[in-house]
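Before any comments, here is the structure.
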Number of protein chains: 2
Amino acid sequence: MTERRPPEHRRPTSHDVARLAGVSRSAVSRCFTPGASISEETRNRIMSAATELGYRANALARNLKSQQSQLVAILASRLDTPFRARQVKHLSRALIAEGFRPLLLTADHSDDLEPLLSSMLDYNLAGMIVTSDTPPVAVVDECKRLRVPLVLINRNPEPDGGDRIQLDTRAAAETVFDMLYTAGARRFAVLRPEDRTYTVMGRVSAFCELVRSKGLSCHQLSCGTQSYAAGRASIRQHAELIHGCDGLFGTTDLLACGALDGLKHDLFLRVPEDIRVVGFDDIEQASWAPYDLSTVRQDAGAQAELAVAMMRARLQAPDAPIRREHPPLQPILRGTTEKTETR
Amino acid sequence: MTERRPPEHRRPTSHDVARLAGVSRSAVSRCFTPGASISEETRNRIMSAATELGYRANALARNLKSQQSQLVAILASRLDTPFRARQVKHLSRALIAEGFRPLLLTADHSDDLEPLLSSMLDYNLAGMIVTSDTPPVAVVDECKRLRVPLVLINRNPEPDGGDRIQLDTRAAAETVFDMLYTAGARRFAVLRPEDRTYTVMGRVSAFCELVRSKGLSCHQLSCGTQSYAAGRASIRQHAELIHGCDGLFGTTDLLACGALDGLKHDLFLRVPEDIRVVGFDDIEQASWAPYDLSTVRQDAGAQAELAVAMMRARLQAPDAPIRREHPPLQPILRGTTEKTETR
DNA sequence: ATGAAAGCGCTAACAG
DNA sequence: CTGTTAGCGCTTTCAT
């Protein structure tokens, strides 16, 4: 008596719904396809059958058929970093809002991304958004070949594999310079992290160039990583140079926070009286009391929406020319660039 | 002459590989199936054909057939919060390490999760991991019915829909109490955020109970959200009460950091001389110079691995009894509970 | 060890 | 408007 009745936990299929509603499977399919022609009555019957059974179309099957999933891979490194977390949060929300499903790929010390990324491609991705880790060329090519829209956020401009959202380093440099100069800085320094991210390196060199083009001096202070600890250590390490400066560009808020603590606690300098400081990104901690750090905001929300829009556009016009967009920057003036009594 | 030749960007299928290698599609499939029987020679032929064509098995089709995807949904709220970001990072890594693909669902002001979550279920999830947002009952039931393993991290114990990783609030309370008491605190206060997360509320009440069971006093200071700003505001608001206390449990590092700044900059109290402070989570900022906050570490990495292991176990034994695990806690002693010259 | 055949659950082209 | 039919790309008996 081993009667083989369908197990209780089987998902109902369109077949089940069709049978219960007394229609064909195509009817069911049409019922769940936005622009399909179906009579009001059948639709109702199907709908009630569907809800009764708890039917939900199997996305895998649907995607297999339509050769297109709603899956979008997000590749992000250093997710535990405040700005990156914000970026990813907004990306995820923006994608979901547009009906996509974000697949999260966190990769750090560039542990061989290649296999991972290309295994994501197995899912017939609707797109891929990369923030801050340069995807291996193989993957970029693969995306191109498979016509998977690829959006790079703040990535190196070279490989030109996909659409890009890119910081306008010139504009950034000018904004930062203005903030520091207006606050009275004349002898500049900038933190140069050694883990060379394009954006960050770009900011450093653009800033230096700009400062020098004004006939002012700009020291580059090397510091290991883009972290609080590195920022602080760097200040200690370059103490002498620092004493000759009155304006510091932290390159990144995380670095800037570390630097601020170094300036105050290690070198006993007053900010902004002895030295003005500006960061970049406007992470939450920049506004915390001990920092009150002037910075430049990158609007993660707008950036995310732009990324999704670019992806969607590419999806519709795979052969359109590559786009590159500069999202807007907004200077945030806080205590570290406050005007002090001159003279 | 509109010759319809296969578009260049079509993915090669097992069929293409089979043809090139001169074998059947089944052979190709077997070649990519771990424990299948296939001769060394055919395997080689197939493999080289596969690499030549750049073949990768279509995950959608595979999953459709096997009724099981490698997709795991992570539901996380407040991703832009340091501890949550760390959690998600580790979850993502742990999942990927085990061959799963994390789908990221960020939901905040509990914008109707239900449709979202259940639409995720359309992907034949291999599991679902929820951190900090209680999933609607409907979804929990759905998971149960569809036998989708559900792991809840630090969620309310009531619905008992899935396996849980849960803070041991008693142990947490004892750890915190010890840290404060040992540092000399006798008159306690605790921050009570109004956005009632189970874990957080549990910490608050367990702590208060414990303190009172020792015959000591414990004031609950209400504060709006679990944020830096709320922590700081709360201190200002409860200034009088605070002045009568010498030990504060911040409930969350974010709150504790805000509180610390409130204590120092608004009430002009010295920490730890006038009042000792302990946070919870050990976010990076707790170790920053201005805070140097004693706290209790929840090991996000271990937590994530545990979550994935539990998920995997449930996948293999859907009917095993529900598990509940308490991940270990580790007190981190820093400046805010330093012993000061007594008397 | 291998190939033929039968689907997984769905959609879409085509008749009616 | 509706049902029939033919797959999407893969896996998996089942013979051979």
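First the proteins, then the strands, lettered A, B, ... as listed; each starts at 1.
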Under 4.0 angstrom, heavy atoms only, what part of the nucleic acid is [X] near: base, sugar-phosphate, or nothing?
| X | result |
| --- | --- |
| T13(B) | sugar-phosphate |
| V28(B) | nothing |
| L64(B) | base |

Would you say [X] reaches [N]'s phosphate, i.e. side-chain N/O to OP1/OP2 under 4.0 Å?
| X | N | answer |
| --- | --- | --- |
| S26(B) | dT11(D) | no |
| Q67(A) | dT11(C) | no |
| S39(B) | dT2(C) | yes |

Ignoring hydrogens and angles, are the base of [N] and the side chain of [X] linked by a donor-acceptor pair under 3.5 Å?
| X | N | value |
| --- | --- | --- |
| T33(A) | dA12(C) | no |
| K65(A) | dG7(D) | yes |
| S37(A) | dT2(D) | no |
| R56(A) | dG9(C) | no |

Using a strict 4.0 Å threshold on nitrogen-to-oxygen distance, state whether [X] and [Y] make a salt bridge.
| X | Y | result |
| --- | --- | --- |
| D319(A) | R314(A) | no |
| R145(B) | E142(B) | yes |
| D299(B) | R86(B) | no |
| E325(B) | R323(B) | yes |

Measure from [atom1] on [X] to [atom2] on [N] and round the result to the nearest Å.
| X | N | atom1 | atom2 | value |
| --- | --- | --- | --- | --- |
| L146(A) | dG9(D) | CG | C1' | 15 Å |
| E40(B) | dA1(C) | CD | P | 11 Å |
| I38(B) | dT11(D) | CD1 | P | 12 Å |
| R11(B) | dG9(D) | CZ | P | 10 Å |
| N124(B) | dT11(D) | CG | P | 15 Å |
| H15(B) | dT11(D) | NE2 | C1' | 16 Å |
| L53(B) | dG9(D) | CG | P | 14 Å |

- Candidates dG3(D), dG9(C), dT11(C) - which lies nearest the side chain of S29(A):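 Between dG3(D), dG9(C), dT11(C), the one nearest the side chain of S29(A) would be dT11(C).
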- Name the residue closer to the 5' end of DNA chain C, choosing between Y55(A) and R43(B) according to the nucleotide with the nearest heavy atom.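 Of the two residues, R43(B) wins.
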- R62(A), Q70(A), R101(A), R56(A) screened by side-chain hydrogen bond (donor to acceptor under 3.5 Å, both in side chains) with D122(B), the one that passes: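 It is R56(A), the one option of R62(A), Q70(A), R101(A), R56(A) that forms the side-chain hydrogen bond (donor to acceptor under 3.5 Å, both in side chains) with D122(B).
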